[in-house]
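Just so you know, these numbers use all the heavy atoms, side chains as well, and skip hydrogens, waters and symmetry mates. On a predicted model such as this, the values are computed, not experimentally measured, just so you know. Letters A, B, ... are given to chains in the order of the sequence lines, protein chains preceding strands, and every chain is numbered from 1.
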Amino acid sequence: MQKEGLNDKDIIALVDCNNFYVSCERVFNPSLEGKPVAVLSNNDGCIVSRSNELKALKIPMGAPGFKYEGLIQKNGGVLLSSNYALYGDMSSRVMEVLNQFSPEVEIYSIDEAFLKLNDLPISNLEEYGRQIKHIVKKYTGIPVSVGISRSKTLAKIANHYAKHFAGYQGSLALMEADKIEKALKQTPVEEIWGIGRQYAKFLRQNKIETAWDLRNAPEDFILHYLTKVGYKTVLELQGYSCIDLEEAPSPKKSIVCSKSFSKQVSDLSELEEAISTYITRGAEKLRHQHSVAGFMMVFLNTNRFKEGPQYNNSTQTKLSVPTAYTPDLIKIGLELLRDVYLPGFEYKKAGVMFTDLIDEKDVPLNFLEPNYLDDKRKKLIDAIDKLNRVWGRDTVFFASSGIKKDWEMKRAKLSPFYTTRWQDLPKVK
DNA sequence: TCTGGGGTCCTAGGACCC
DNA sequence: TCTGGGGTCCTAGGACCC
């Protein structure tokens, strides 16, 4: 019973790096092998990547690091700060290798990619998956698992089994109806890609408990309660590929820069440094994708885990001329900050968000203010970007961002920048 | 002492217009 | 006694992802 106009002929592989951040650290520090290892989020806050040994200690994902530090050390384990320069670089290497296995690769996240395998001369899909695993490991040192099926959602499920059952040797293809049925019946509804906590709870209340149940749920029920997005998930579970591969990353529609501080901050001048720093980062991201922002928002948060008065607020403004010119954005952003700032609170986090992004070439003409693209300001900012690109971030920076930066995030357990900084290159003795 | 950051899409409902 | 209806646009908020 083929559904009209739907595609049931795709072959999609999901390649997912195992415990990615931990694996990156292990490539350059083999002494971490066999031990419980966790990588922490920004500010050394939550655990965001866990080795298998650490998972075996029943330490949950997202848990605050300090709560488990004792347990981890007692078991000979290690906690590490996150080193995104290293992970980003290792990720590009993995993706580079994947390109040789399919002409159509979508980099889905820092540690996952979808590969379209349609029309390739592959006699044994699972064997192909194992080959991918072998070659990626050989060239990058990173272990991966491969799941293959008719849709992204099914490939995710195949990947899950490939990763968790040693018998599959890191690769599983779910192509035949009976195999798919068996896998879906054993997949709890909360493990399905696209079903989060709220939907899982709702579905269970309605006796939909496995992926197989969801696959067979009535269309109108799903459309009504889980909307179009949820219905796509159902079709994907039925083997219809509804979520296309996106090979070229489309430009972002919004850009957020926000971080928690290493300490409580009450002082307006310190908040000004932070906001100014975040605007600088955000504007770099804007220019990188050749966008300008039409709308800007600044927000402040107190510490939600601490007793005491809370204050979470934001202010925003439409920009009279959409721009990505850092000094203009800083000037407006600092005005917004002074608007939203209330003295007497201890702030833990601040941030800035740019939205209404459009291509820099599409800025409407404005007779009162020059478009920065046609302006000497553009030349100046390009020169600054170039210097920072060649000589390193913040070689040239804006005075309002401050120098001391007492508020800046903490990374006490940082590993060296093995791959992106000459002096940190590993040495062979 | 210490609890992340950065995105997307969809819908309901209000404002406004004719 | 009676109090339109339909369309569009925008925004806030809620769901999801890594």
Side-chain angles (χ1 to χ4, degrees), chain A residues 14 16-17 19-21 38-49 59-70 72 79-84 87-88 91 106-114 152-153 156 159 189-203 222-233 236 242-244 246 249-264 274 278 281-282 285-286 289 291 294-295 297 299 301-307 314 316 318 346 348-357 408-413:
Chain A
L14 172 64
D16 193 327
C17 302
N19 314 333
F20 182 57
Y21 299 166
V39 174
L40 298 164
S41 65
N42 281 323
N43 252 323
D44 293 345
C46 303
I47 292 173
V48 292
S49 180
I59 297 175
M61 185 71 167
F66 70 88
K67 274 193 181 170
Y68 291 96
E69 200 161 6
I72 293 169
L79 276 164
L80 296 167
S81 301
S82 46
N83 183 341
Y84 285 102
Y87 312 147
S91 174
E106 173 188 353
I107 299 172
Y108 178 69
S109 74
I110 194 165
D111 67 343
E112 285 168 80
F114 290 105
K152 284 182 170 177
T153 306
K156 277 262 182 187
N159 189 286
V189 79
E190 36 281 294
E191 277 177 25
I192 303 166
W193 189 48
I195 303 298
R197 275 229 289 285
Q198 302 301 318
Y199 284 168
K201 194 173 147 205
F202 169 81
L203 289 169
I222 296 300
L223 274 173
H224 186 248
Y225 291 106
L226 273 68
T227 78
K228 289 190 333 198
V229 188
Y231 186 57
K232 265 193 189 179
T233 299
E236 288 245 321
C242 302
I243 306 169
D244 281 339
E246 288 177 39
S250 38
K252 304 253 178 292
K253 295 172 180 174
S254 65
I255 286 173
V256 177
C257 285
S258 83
K259 274 185 189 64
S260 301
F261 305 131
S262 54
K263 55 164 195 167
Q264 317 281 344
Y278 302 158
R281 283 300 155 262
K285 292 186 197 172
L286 283 170
Q289 62 168 32
S291 292
F295 199 86
M297 179 169 95
F299 57 90
N301 298 141
T302 47
N303 189 344
R304 68 183 197 279
F305 294 104
K306 226 176 147 182
E307 295 282 321
S314 63
Q316 52 216 17
K318 188 175 186 308
E346 306 222 291
K348 182 61 181 172
K349 183 174 174 177
V352 47
M353 176 154 88
F354 297 115
T355 53
D356 292 8
L357 309 190
E408 206 163 45
M409 73 164 174
K410 200 163 47 183
R411 287 200 289 180
K413 311 154 197 291

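Note on A/D111: only backbone sugar-phosphate atoms sit closer than 4.0 angstrom, heavy atoms only; bases stay farther off. Residue-level contact check: A/K348 touches the backbone only, with heavy atoms under 4.0 Å from sugar-phosphate atoms and none from bases. A/E69 comes within 4.0 angstrom of nothing in the nucleic acid, heavy atoms only. At the heavy-atom level, A/N42 lies under 4.0 Å from the strands shown only through sugar-phosphate atoms. Among the protein residues, A/I195 comes within range of the sugar-phosphate backbone only, with heavy atoms under 4.0 Å from sugar or phosphate atoms but none that close to a base. Heavy atoms of A/K410 sit nowhere under 4.0 angstrom from any nucleic acid atom.
The side-chain contact (heavy atoms from CB on, under 4.5 Å) check on A/P64 picks up A/F66, A/K67, with sequence neighbours excluded. In this structure A/D44 satisfies the side chain to side chain donor-acceptor pair (under 3.5 Å) test together with A/S81, sequence neighbours excluded. Shown here are the ring-ring contact (aromatic ring centres under 6.0 Å, His included) partners of A/Y21, two or more places apart in sequence or in another chain: A/Y84, A/Y87. Scored by the side chain to side chain donor-acceptor pair (under 3.5 Å) test, A/S262 finds no partners at all (sequence neighbours excluded). Scanning for side chain to side chain donor-acceptor pair (under 3.5 Å) contacts around A/S91 gives an empty result, with sequence neighbours left out. Residues forming a side-chain contact (heavy atoms from CB on, under 4.5 Å) with A/M297 (at least two apart in sequence, or on another chain): A/F299, A/S314, A/Q316, A/M353. Checked against ring-ring contact (aromatic ring centres under 6.0 Å, His included), A/F20 has no partners two or more places apart in sequence or in another chain.
Whole-Å rounding puts the A/I107 CD1 to B/dG6 P distance at 20 Å. To the nearest angstrom, C1' of C/dC18 lies 14 Å from CG of A/N159. When the P atom of B/dG4 is taken as reference, atom CG of A/N301 falls 11 Å away, rounded to whole Å. Look at OH on A/Y84: it is 9 Å from P on B/dG5, rounded to the nearest Å. In this entry the distance linking CZ of A/F299 with P of B/dG5 reads 9 Å, nearest Å. Atom NZ of A/K152 and atom P of C/dC16 are 19 Å apart (whole Å). Across the protein-nucleic acid pair, A/I192 atom CD1 and C/dC18 atom P stand 13 Å apart, rounded to whole Å. For A/N43 and B/dG6, the CG to P distance is 12 Å, given to the nearest whole Å.
Between the side chain of A/E106 and the backbone N or O of A/E246, at least one donor-acceptor pair lies under 3.5 Å.
A donor-acceptor pair shorter than 3.5 Å cannot be found between the side chains of A/T233 and A/E236.
If you find the closest nucleotide of DNA chain B to A/S258 and to A/K67, the one lying nearer the 5' end belongs to A/K67.
OP1 or OP2 of B/dG5 sits under 4.0 Å from a side-chain N or O of A/K349. Close to B/dT3, at under 4.0 Å from its OP1 or OP2, lies no side-chain N or O of A/S260.
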Between the protein and nucleotides 8-15 of chain B, are there any N/O to N/O pairs under 3.5 Å, and if so, what are the atom names and distances?
residue: B/dT8; atom: OP1; partner: A/K253; partner atom: N; Å: 2.9
residue: B/dT8; atom: OP2; partner: A/S254; partner atom: OG; Å: 3.0
residue: B/dC9; atom: OP1; partner: A/K253; partner atom: NZ; Å: 3.4
residue: B/dC9; atom: OP2; partner: A/K253; partner atom: NZ; Å: 2.9

Q | Canonical and wobble pairing (Watson-Crick, G-U, under 3.5 Å) of DNA chain C, dot-bracket with | | A | ....||||||||||||||

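Listed nucleotides: B/dG4, B/dG6, C/dC18. Nearest to the side chain of A/E112: C/dC18. When distances are taken from the side chain of A/F66 to each of C/dC17, B/dG4, B/dC2, the shortest belongs to B/dC2.
Rounded to a whole angstrom, the distance from the C1' atom of B/dC16 to that of C/dG4 is 15 Å.
Cation-pi geometry between A/K152 and A/F114 is satisfied (NZ or CZ under 6.0 Å from the ring centre, within 45° of the ring normal).
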